[in-house]
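Quick notes on the structure that follows.
Side chains included, hydrogens not; waters and symmetry mates left out as well; all remaining heavy atoms used.
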Amino acid sequence: MSDHDVIIIGAGFSGMYQLHRLRRLGFDAHVIEAGDDVGGTWYWNRYPGARCDIESVEYSYSFDPELEQEWNWSERYAAQPELLSYAQHVAQRYDLRKHITFNTRVETLTWGDDARRWAVTTDDGTSRTAQYVIAATGCLSVPSRPRFEGLEDFAGEVYWTSRWPHEGVDLAGKRVAVIGTGSSGLQTITAIAPVVGALTVFQRTPSFAVPAHNGPNDERLADARTRYREIREYSRMSRAGFQCHSGTRSLVETETEEVRREFDARWADGGLCFSSAFKDILMDMKANEAAAEYVRGRIREKVEDPQLAEKLSPRTYPIASKRMCVDTGYFEVFNQDNVSLVDINEQPIRRLTERGIVAGGTEHEFDAIIFATGFDAMTGALNAIDIRNGDDRSLREKWAHGPRTYLGLMSAGFPNLFMVTGPQSPSVLSNMMTSIEYHVDWITRALEYLRERGLNRMEPAPDAEDNWVNTTNDVAALTVMPQAASWYMGANIPGKQRVFMPFAGGVGTYKLIGDGVAVAHYHGFELS
């Protein structure tokens, strides 16, 4: 039995930073990690083309100016190998690995109210205790594995983007299917199309994608290094947690020619700032449809076959109500002779066979099938652990009809259990690095506050949690975002309660609220 002040679950960017902060303050903090190295998302997601949708200079730690200056980001949008190397460099630089247990998965957490400690058991049979547990488990870490009849019959190769083989895969010249056209699917399709023999994309719902205009990062990095503090301060108070000029004009009140000029400028610059061009894009369906039609027009310019362009053009949900994709040539791939599209709304997947996939009345033969089917987002990682409080009530049971948290940091009834970028915080609607650092810093200050006052128990008051859940729901309802059957809503997981999980009020607004709660001696939390 090992006893610690704090056990942190996960050695991704949040777990590593949380470990670094707490060890420097003298806490006995230890990380438990399922993988055999650090990196989290960028350790597991090694599929072809995996790349961040936030610019490298901002998808990085801000806590150490020396680290900012010494790391050289080679591309505007870093690819998985570079992001993993960065994580490994951070672990080495701050000597973190000696406080991490790898290849170990947390199975149960049980709170003992008398001892005021969590009992932590892992899949290797080891038991530990900790006064506090911090779940740095990630928002997109538990893969979604839909059932496909006949999957076990397929004689070819089967891969999941969420658990791509670390040794890589040779697809050259092969007949390949990709099922799924979210971000992972788009990136995989773009990367493998030039090398496979034939590629068939099975699409249920097309994605809105804006160009990355990716390339060498020398000028951007040199500029960032001269004003990192300015960039960070701006990002922490921005809506999405990264540098992005949010339009102050209403699209519906702006002349058509000026709307076009603004969209053209955003498209030419590339990246996720496109949807921030006007203040009403996420609030007004007329404005939203104008933005959506602009993107559909761009798809028609890129795809030579008009009928195919239409199939690739989203029409069933508002633009930016799902996280938009940042692409590096996705739509152009469909002009290649070796690439074809199957719309599974018209030709549903019936089953897999020994040779391939039956869609509609046609059997398509493949050497390999790639499933890009996403994740059980935001709640999946915590629900995968059997977390029980002193009354033997499980967090999974409490969240059966949707997550309930205070600030996305804690859940009433589960004392001393913190979440980094938990549900009902900005998390996936933001630059995750900005949100991660804010949560880690907030949790660290809270633990210092408790230690300084001889306190050892912290839990949200039920009424504060109820108010925050209602606030999160009310803010989302002011937008068009809940109209999409997205993973923000849990719609990609059969049987999961549909509720909008992130806080849509923006990173800056959330920071003001969180800072205010802390200044008011952790108002809404019960401390003892």
With ring pair (Phe, Tyr, Trp, His ring centres under 6.0 Å) as the test, would you mind laying out the steps for Phe13 and Tyr61 before giving the verdict?
-> CA-CA 9 Å; Phe13 284 124; Tyr61 287 121; 5.6 Å; yes
Given ring pair (Phe, Tyr, Trp, His ring centres under 6.0 Å), test His30 with His4 step by step and report yes or no.
-> CA-CA 7 Å; His30 191 81; His4 302 281; 5.1 Å; yes
Given Gln424 and Thr472, is the side-chain hydrogen bond (donor to acceptor under 3.5 Å, both in side chains) satisfied, shown in steps?
-> CA-CA 6 Å; Gln424 292 155 352; Thr472 300; 5.2 Å; no
Give the intermediate values and the outcome of salt bridge (charged side-chain N to carboxylate O under 4.0 Å, His left out) for residues Glu33 and Arg105.
-> CA-CA 6 Å; Glu33 165 58 42; Arg105 191 175 295 275; over 6 Å; no
Step-by-step ring pair (Phe, Tyr, Trp, His ring centres under 6.0 Å) determination, Phe375 to Trp44 | CA-CA 12 Å; Phe375 297 88; Trp44 296 105; over 10 Å; no
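There is no side-chain donor-acceptor pair under 3.5 Å between Gln80 and Asn45. Side-chain atoms of Tyr17 and Asp441 include a donor-acceptor pair closer than 3.5 Å.
Here Asp124 contributes atom CG and Thr104 contributes atom OG1; the two are 4.5 Å apart, rounded to the nearest 0.5 Å. Summarising the geometry, atom CZ belonging to Arg236 is positioned 11.0 Å from atom CG belonging to Asn431; distances are rounded to the nearest 0.5 Å. Between the CG atom of Leu25 and the NE2 atom of His20 there is a distance of 9.5 Å, given to the nearest 0.5 Å. Atoms CD and CZ, on Glu526 and Arg457 in that order, are 7.5 Å from each other to the nearest 0.5 Å. Distance check, rounded to the nearest 0.5 Å: OG of Ser276 to CZ of Arg239 gives 8.0 Å. Within the model, atoms CD of Glu107 and CG of Asp123 stand 5.0 Å from one another, a figure rounded to the nearest 0.5 Å.
Looking at Ile9, Thr108, Thr110, Val106 one by one, the single match for side-chain contact (heavy atoms from CB on, under 4.5 Å) with Val120 turns out to be Val106. With Ser235 as reference, Glu58 is the one residue of Glu58, Glu230, Glu437 to meet the side chain to side chain donor-acceptor pair (under 3.5 Å) rule. Screening Tyr228, Tyr94, Tyr438 for a ring-ring contact (aromatic ring centres under 6.0 Å, His included) with Phe63, the sole residue that qualifies is Tyr94.
Geometric assessment of Arg46 against the ring of Tyr43 yields a positive cation-pi assignment under the 6.0 Å and 45° thresholds. A cation-pi geometry, defined here as NZ or CZ lying under 6.0 Å from the six-membered ring centre and within 45° of its normal, does not hold between Arg298 and Phe331. Note that Arg453 lies in the cation-pi zone of Tyr449, set by a 6.0 Å cut-off to the ring centre and a 45° limit from the axis.
Between Phe503 and Tyr510, the angle of the ring planes lies from 30° to 60°, which puts this pair in the tilted group. Using cut-offs of 30° and 60° for the angle between ring planes, the Trp73 and Tyr86 rings count as tilted.
Between Asp264 and Arg260 there is a salt bridge, with a side-chain nitrogen of the basic residue lying less than 4.0 Å from a carboxylate oxygen of the acidic one.
A centroid separation of 6.0 Å or more is found between the aromatic rings of His245 and Tyr234. A centroid separation of less than 6.0 Å is found between the aromatic rings of Trp442 and Phe525. The aromatic ring centres of Trp118 and Tyr132 sit 6.0 Å or more apart. Here the two rings, on Tyr294 and Phe274, have centers that are under 6.0 Å apart. Side-chain rings of Tyr59 and Tyr77 stay apart, their centers remaining 6.0 Å or farther from each other.
The two residues Leu221 and Asn72 come nearest to each other via the heavy atoms CD2-CA, 3.8 Å. Scanning all heavy atoms of the two residues, the minimum distance from Ser250 to Asp280 falls at OG-OD2, 2.7 Å. In this structure, Cys139 and Val428 approach most closely via the heavy-atom pair CB-CG1, 3.6 Å. Of all heavy-atom pairs spanning Ser275 and Ala320, the tightest one is CB-CB, 3.9 Å. Gln131 approaches Arg116 most closely through the heavy-atom pair CG-O, 3.9 Å. Of all non-hydrogen atoms in Ala381 and Ser141, the two that sit nearest each other are CB-OG, 3.4 Å.
Within 6.0 Å of NE2 in His523 there are 12 or fewer heavy atoms belonging to other residues, nucleotides or ligands.
A donor-acceptor pair under 3.5 Å links the side-chain atoms of Asn288 to the main chain of Ile319, judged by distance alone. Between the side chain of Glu55 and the main chain of Val57, no donor-acceptor pair closer than 3.5 Å is present. Checking side-chain atoms of Glu459 against main-chain N and O of Leu527 turns up no donor-acceptor pair under 3.5 Å.
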